[in-house]
Amino acid sequence: MVYQNDLLHEGAAVSTQAPVFAPTVSTSESAFSSAPFTSSPAVTTIRRAVAGDAGVIATLGGATFKATYGSACSAEALASYLAANYVESAIAAELAAADRTYFVAEVAGDDGGPEVVAGFTAVRTGTVEAEACLAPYADAIELQRLYVDEAYHGRGVARALVDAACAEGRARGFRHIWLGVWENAPRPRRFYEKCGFKTVGTHAFSFGTEAHNDLIVIMPL
């Protein structure tokens, strides 16, 4: 599932360092804990993405984006967007840039096999100025992407990734985190409401020949 629209601000970026974080376990879904990474037992590792993750991020992101937005545009528009944004070279360029940081969530493989990537998130700096409704929140970092493999829905992966994004924002000195969520995506909207995000505005965007709206939501860190 795509937990928010990533058409708002396409661009480059990520830290190339890759410390590994052990997520803590929490049953709360209504508020962020003081621990930086909160998850269910399904998540074994949350870590910064590195160049070698570009292929799996591109594959997971492309498949999830298609499943979420495929019915909202023509096949041609979708194919063009995926070819420009969800190929390994495009993700690799973002991972090498400076204004975005990716995290991946890994879970244990079946029957004790190696860990597999179940989802990823990206935070981005320098975008708050583009949204008039965010004028009071110059201290906000953008949660620009949050994708989770359908096989791992409901297992705490998305929440663990949100916590990672929030921890990154706090570490950089930001005091709020914001994102755009498609108005026609009820499940992601409910998820963000449970996390504590509040709607402060809207953003119109075009995808193919279709016009859509995002809700701009924000939360204090």
Side-chain angles (χ1 to χ4, degrees), residues 2-24 26 28-39 43 46-50 53 57 61 91 93-105 119-148 156-182 188-189 191-203 205 214-221:
V2 178
Y3 280 81
Q4 88 283 337
N5 172 60
D6 72 353
L7 296 176
L8 274 174
H9 300 292
E10 285 303 328
V14 152
S15 168
T16 57
Q17 298 178 344
V20 175
F21 305 94
T24 58
S26 171
S28 172
E29 290 293 333
S30 60
F32 289 108
S33 70
S34 58
F37 301 102
T38 305
S39 73
V43 181
I46 300 289
R47 61 172 176 81
R48 292 180 188 270
V50 294
D53 295 312
I57 290 174
I91 297 299
E94 294 181 357
L95 290 170
D99 62 347
R100 190 181 302 178
T101 301
Y102 273 85
F103 292 91
V104 295
F120 66 89
T121 191
V123 294
R124 190 178 180 195
T125 59
T127 57
V128 69
E129 296 84 357
E131 305 299 331
C133 63
L134 295 176
Y137 306 102
D139 57 357
I141 191 170
E142 182 186 5
L143 198 168
Q144 201 263 344
R145 285 178 174 164
L146 176 58
Y147 289 17
V148 175
V157 176
R159 184 54 186 266
L161 288 166
V162 169
D163 281 350
C166 289
E168 178 71 6
R170 287 191 292 267
R172 294 190 183 197
F174 292 95
R175 299 181 63 184
H176 292 84
I177 188 166
W178 75 277
L179 59 95
V181 58
W182 190 25
R189 288 176 60 182
F191 170 77
Y192 286 116
E193 287 172 1
K194 288 181 179 179
C195 288
F197 285 86
K198 304 297 183 183
T199 301
V200 293
T202 62
H203 177 104
F205 68 92
D214 271 349
L215 303 179
I216 305 299
V217 300
I218 196 164
M219 182 179 70
L221 293 174

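Just so you know, these numbers come straight off a predicted model, no measurement behind them.
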Inset, instruction - Please report the C-alpha distance between L95 and V50 in whole Å, then the side-chain angles of each, then the deciding distance to 0.1 Å, and finally whether the side chain to side chain contact (heavy atoms under 4.5 Å, CB included) criterion is met. - result: CA-CA 7 Å; L95 290 170; V50 294; over 6 Å; no
Legend entry - Rounded distance (nearest 0.5 Å) linking atom OH of Y102 with atom CG of D53: 11.0 Å
Legend entry - Closest non-hydrogen atom pair, R159 against C195: CD-SG, 4.1 Å
Inset, instruction - Return the orientation label for the Y147 and F120 ring planes: parallel under 30°, perpendicular over 60°, tilted otherwise. - result: tilted
Inset, instruction - May I ask you to test the E142-V128 pair for a side-chain heavy-atom distance under 4.5 Å? - result: no
Legend entry - Spacing of CZ belonging to R124 relative to CD1 belonging to I141, to within rounding of 0.5 Å: 11.5 Å
Inset, instruction - Would you check if R172 and T125 make a side-chain contact, meaning some heavy-atom pair closer than 4.5 Å? - result: yes
Inset, instruction - Measure the shortest side-chain to side-chain distance between E168 and R48 over non-hydrogen atoms and say whether it is less than 4.5 angstrom. - result: yes
Legend entry - Test side-chain contact (heavy atoms from CB on, under 4.5 Å) applied to W178 and I218, V200, L143, the passing residue: I218
Legend entry - Nearest-0.5 Å distance, CD of residue E193 to CG of residue L215: 9.0 Å
Legend entry - Validation row: F191, V162 side chains within 4.5 angstrom (heavy atoms): yes
Legend entry - Nearest non-hydrogen partners of A105 and I46, listed with the distance: CB-CD1, 3.5 Å
Legend entry - Under 3.5 Å: donor-acceptor pair, side chain of D214, backbone of W182: yes
Legend entry - Closest contact, heavy atoms only, M219 versus C166: CE-SG, 3.9 Å
Inset, instruction - Measure from the side-chain N and O atoms of T121 to the backbone N and O of R145, and report whether any donor-acceptor pair falls under 3.5 Å. - result: yes
Legend entry - Shortest non-hydrogen contact between G119 and L161, atoms and distance: C-CD1, 3.7 Å
Inset, instruction - Provide the closest heavy-atom pair for L221 versus H176 in the form atom of the first, atom of the second, distance. - result: CD1-O, 3.6 Å
Inset, instruction - Report the C-alpha separation of Y192 and L146 in whole Å, then their side-chain angles, then the decisive distance to 0.1 Å, and conclude whether the side chain to side chain contact (heavy atoms under 4.5 Å, CB included) test is met. - result: CA-CA 11 Å; Y192 286 116; L146 176 58; 3.2 Å; yes
Inset, instruction - Write down the atom of P188, the atom of V181, and the distance for their closest heavy-atom approach. - result: CB-CG2, 3.9 Å
